[in-house]
Amino acid sequence: RGINTVKHKELLLHAEQLKVEAESAADMDDATKARIAELVDQIEHQIAYPDDHGHREGLVEKMRGAVEQFEAEHPALTDTLNRIMVALGV
C-alpha cells in the first residue's frame with residue numbers, strides 16, 4: 001500500500017527528527033549514529049518509493065531491531081522510531 005500525502009509529510013518530519021536526535025545525542029557512539037543514519041536513508045527511500053514493498057518489509061524489521069536496541073538507553077529515539085512505524089502502517 002502506498003503512502004498518502006499526510007503520511008508522506010509525517011514520515012519526512014519523523015525522519016528529520018530522528019537525524020537531529022541522533023546528531024545531538026552526546027552519549028551515542030559512532031556505530032549507533034551510523035545505524036540511525038542508515039535507517040534514515042532507508043526511510044527516505046521508502047518515502048520516495050512507497051510501492052517498494054520488499055524494501056518496506058526489510059525496513060520494518062530493521063526498525064524493530066533498532067527499537068529493541070535503543071529502548072533502554074535512548075527512549076526519545078525509540079519513541080520516534082515507533083511513530084515512524086505507525087506512519088508506515090505497521
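From a predicted model like this one, the values you see are computed outputs, not experimental measurements. Positions are given from 1 along the sequence.
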- Message: Using the rule given for salt bridge (charged side-chain N to carboxylate O under 4.0 Å, His left out), can you reason through Lys62 versus Glu57, listing the C-alpha separation, both sets of side-chain angles and the distance that settles it, and then say yes or no?
- Response: CA-CA 9 Å; Lys62 287 178 183 176; Glu57 290 174 18; over 6 Å; no
Given side chains that start at C-beta, do those of [X] and [Y] come closer than 4.5 Å, heavy atoms only?
| X | Y | value |
| --- | --- | --- |
| Lys33 | Glu23 | no |
| Leu59 | Met63 | yes |
| Ile84 | Leu39 | no |

- Query: Are the side chain of Ser24 and the backbone of Val20 linked by a donor-acceptor contact shorter than 3.5 Å?
  - Reply: yes
- Just by distance, do the side chain of Gln46 and the backbone of Arg56 share a donor-acceptor pair under 3.5 Å? yes
[X] versus [Y], closest heavy-atom pair with distance:
| X | Y | value |
| --- | --- | --- |
| Val60 | Met85 | O-SD, 4.3 Å |
| His74 | Asp27 | CE1-OD1, 3.7 Å |
| Phe70 | Thr32 | CE2-CG2, 3.2 Å |
| Thr78 | Val67 | CG2-CG1, 3.7 Å |

- Task: Decide whether Leu77 and Leu12 are clustered together by the hydrophobic rule: side chain heavy atoms of Ile, Leu, Val, Met, Phe, Trp, Tyr closer than 4.5 Å, transitively.
- Result: yes
- The complete set of salt bridge (charged side-chain N to carboxylate O under 4.0 Å, His left out) pairs with one or both residues in residues 71-90, sequence neighbours excluded, reads Asp79-Arg83
- Message: Looking at Asp30, I want to see if its CG is surrounded by more than 12 non-hydrogen atoms of other residues, nucleotides or ligands under 6.0 Å.
- Response: no
